[in-house]
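The sequence lines fix the lettering, A, B, ..., with proteins before strands; numbering per chain opens at 1. Since the model is a prediction, treat every value here as computed from it, not as a measurement.
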2 protein chains.
Amino acid sequence: MPTRNTTKGARTRGDILRIAADIATVDGLDGLSIGRLATELGMSKSGLFAHFGSKESLQLATIAEARQRYVQEVIAPALASGTGITRLLALCEAFFSYVERGVFPGGCFFASAMAEFGAKQPSPVRDLISECQRQWMSTLERAAEDARAHGELRADCDPCQLAFDLEGALLSANWYFHLFQDAANFTRARHAVRARLSSEATPAGRNSLHPSQGS
Amino acid sequence: MPTRNTTKGARTRGDILRIAADIATVDGLDGLSIGRLATELGMSKSGLFAHFGSKESLQLATIAEARQRYVQEVIAPALASGTGITRLLALCEAFFSYVERGVFPGGCFFASAMAEFGAKQPSPVRDLISECQRQWMSTLERAAEDARAHGELRADCDPCQLAFDLEGALLSANWYFHLFQDAANFTRARHAVRARLSSEATPAGRNSLHPSQGS
DNA sequence: CCTACCGATCGGTAGG
DNA sequence: CCTACCGATCGGTAGG
């Protein structure tokens with residue numbers, strides 16, 4: 001029995017959170033209702049509720065589930081694909097692919113969550129979203145620092161500014177792709193990323209931006 | 001009697017919509033409830049409801065109110081301040097100022113609305129939001145085309161790409177300023193805007209980017 | 001613009 | 001994990 005090792009309760013919990021994360025990208029973490037989740041999973045509202053004890057703790061668990069999915073679908077593949085400017089480009093490409101593949105039906109989970117909770121009062125939910133986003137930004141920044149340390153980006157390059165600029169292109173692609181249903185926004189965002197990296201790249205770094213080997 | 005000319009009903013309607021637009025930037029257009037709005041205005045729920053007839057039509061009227069405010073606070077001042085690359089820069093600066101001044105308590109109304117409705121099923125509300133956003137993008141694009149026609153931007157400059165890139169900086173500043181409560185994000189976004197304009201500017205255009213006259 | 005009300009759904013609880 | 005229930009609030013209506 002290969003799918004054992006995990007108790008039935010834990011499997012149910014995982015099922016709940018996968019659906020919850022999907023719903024949250026379309027209707028928001030506040031729009032996520034326990035009754036609707038229960039209906040969608042064919043179980044009773046109180047049975048589902050018993051797994052979490054409060055709506056807030058359901059929201060926190062949903063964010064944790066989304067974070068795992070983000071690490072698996074975006075960060076891990078990009079980190080495995082190289083270092084320096086190659087990694088920086090891979091992080092951006094992995095993000096585009098994650099949105100294009102529809103890993104979440106409503107686009108990037110953290111973009112949606114940031115927009116929904118960014119202006120709200122501090123709360124555990126808001127704080128966790130903020131921490132996730134800061135961690136992603138620092139992943140971009142560290143990749144930029146590394147690329148600079150390896151001589152692929154100019155010495156006067158500001159990693160924070162570069163990360164901010166790249167993230168602007170990623171987020172815009174996410175918003176416009178969904179609002180306008182137009183894939184041209186991915187093309188524009190990819191242009192923006194390459195142009196921005198190119199503008200700060202040294203001749204050594206430029207080689208990594210134009211992969212010449214086949215396959 | 002100077003504040004006459006407008007009936008009492010129309011004044012009440014305006015009061016409702018101003019509060020509604022403010023609330024929507026924090027709690028969303030769906031989070032906006034008729035009961036809460038009524039409480040906040042000290043009137044009965046059904047009295048307020050009678051002005052609109054449905055929640056959807058309240059949402060549509062709220063978007064129209066926000067659009068008026070956006071034109072007044074961002075577009076009109078920028079269009080009045082010059083042409084060409086000067087206008088393009090003024091549009092970006094007017095946006096930053098609008099977010100910094102807190103014209104809406106939760107940041108840019110249309111950024112919030114786009115994030116909330118971008119992934120939802122088509123609806124009159126979603127369509128109106130999409131149209132507003134497209135109109136803003138085309139305002140940026142037309143300013144870019146104009147600047148190019150006047151020789152301030154290079155002939156090979158793509159106005160759509162430039163508008164996309166500028167908007168990325170504007171939106172990122174809006175999100176990060178609210179989520180992280182850090183005004184450094186405005187500084188980064190302003191750098192990004194100037195650098196991007198500078199990269200496409202002709203020598204003639206460059207003069208307009210560095211205003212030399214005092215005051 | 002009001003009071004008074006409708007059915008539906010919300011998050012959450014009691015008790016098993 | 002269930003049934004059965006709670007008070008509060010939702011969008012909306014009747015009637016004035």
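- Chain A approaches DNA chain C within less than 4.0 angstrom (heavy atoms of the protein), and the contacting nucleotides run 5' to 3' from C:dC10 to C:dT13.
- Remark: B:F49 pairs with no residue by the ring pair (Phe, Tyr, Trp, His ring centres under 6.0 Å) rule, at least two apart or across chains.
- When the side-chain contact (heavy atoms from CB on, under 4.5 Å) test is applied to B:S172, the partners found at least two apart in sequence or on another chain are A:F164, A:L171, B:Y176.
- Formation of a donor-acceptor pair under 3.5 Å by the A:T62 side chain with backbone atoms of A:A21 is not found in this model.
- Non-hydrogen atoms lying under 4.0 Å from DNA chain D are contributed by nothing in residues 118-129 of chain A.
- Every residue two or more places apart in sequence or in another chain was checked for a ring pair (Phe, Tyr, Trp, His ring centres under 6.0 Å) with A:F96, and none qualifies.
- Taking for each of A:S33 and B:I16 the nucleotide of DNA chain C with the nearest heavy atom, the 5'-most of the two is the partner of B:I16.
- Side-chain contact between A:H150 and A:D146: present, with at least one pair of heavy atoms (C-beta onward) separated by less than 4.5 Å.
- Shown here are the side-chain contact (heavy atoms from CB on, under 4.5 Å) partners of A:S138, two or more places apart in sequence or in another chain: A:E141, A:R142.
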Encoded 5' to 3' (Watson-Crick or G-U under 3.5 Å; [ ] crossing; | other strand), DNA chain C becomes ||||||||||||||||
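- Under the side-chain hydrogen bond (donor to acceptor under 3.5 Å, both in side chains) criterion, B:Q72 pairs with no residue, sequence neighbours left out.
- With sequence neighbours excluded, no residue satisfies side-chain hydrogen bond (donor to acceptor under 3.5 Å, both in side chains) with A:R134.
- Remark: B:Y70 pairs with B:Y98, B:F110, B:W136 by the ring pair (Phe, Tyr, Trp, His ring centres under 6.0 Å) rule, at least two apart or across chains.
- Side-chain contact, A:S198 with A:R194: no donor N or O sits under 3.5 Å from an acceptor N or O.
- Checked by atom type and distance alone, the side chain of A:E152 never pairs as donor or acceptor with a backbone atom of A:A147 at under 3.5 Å.
- Near DNA chain C, meaning a heavy atom under 4.0 Å away, the residues from residues 44-58 of chain A are A:K45, A:S46, A:F49, A:S54, A:K55.
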Show me, pair by pair, the donor-acceptor contacts under 3.5 angstrom made by side chains of residues 76-83 of chain A, not counting sequence neighbours?
| residue | atom | partner | partner atom | Å |
| --- | --- | --- | --- | --- |
| A:S81 | OG | A:A78 | O | 2.9 |

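- Between A:R148 and A:E200 no salt bridge is recorded (no basic side-chain N to carboxylate O distance below 4.0 Å).
- Contact annotation for B:L32: backbone-only contact, meaning every heavy-atom pair under 4.0 Å involves sugar-phosphate atoms and none involves a base.
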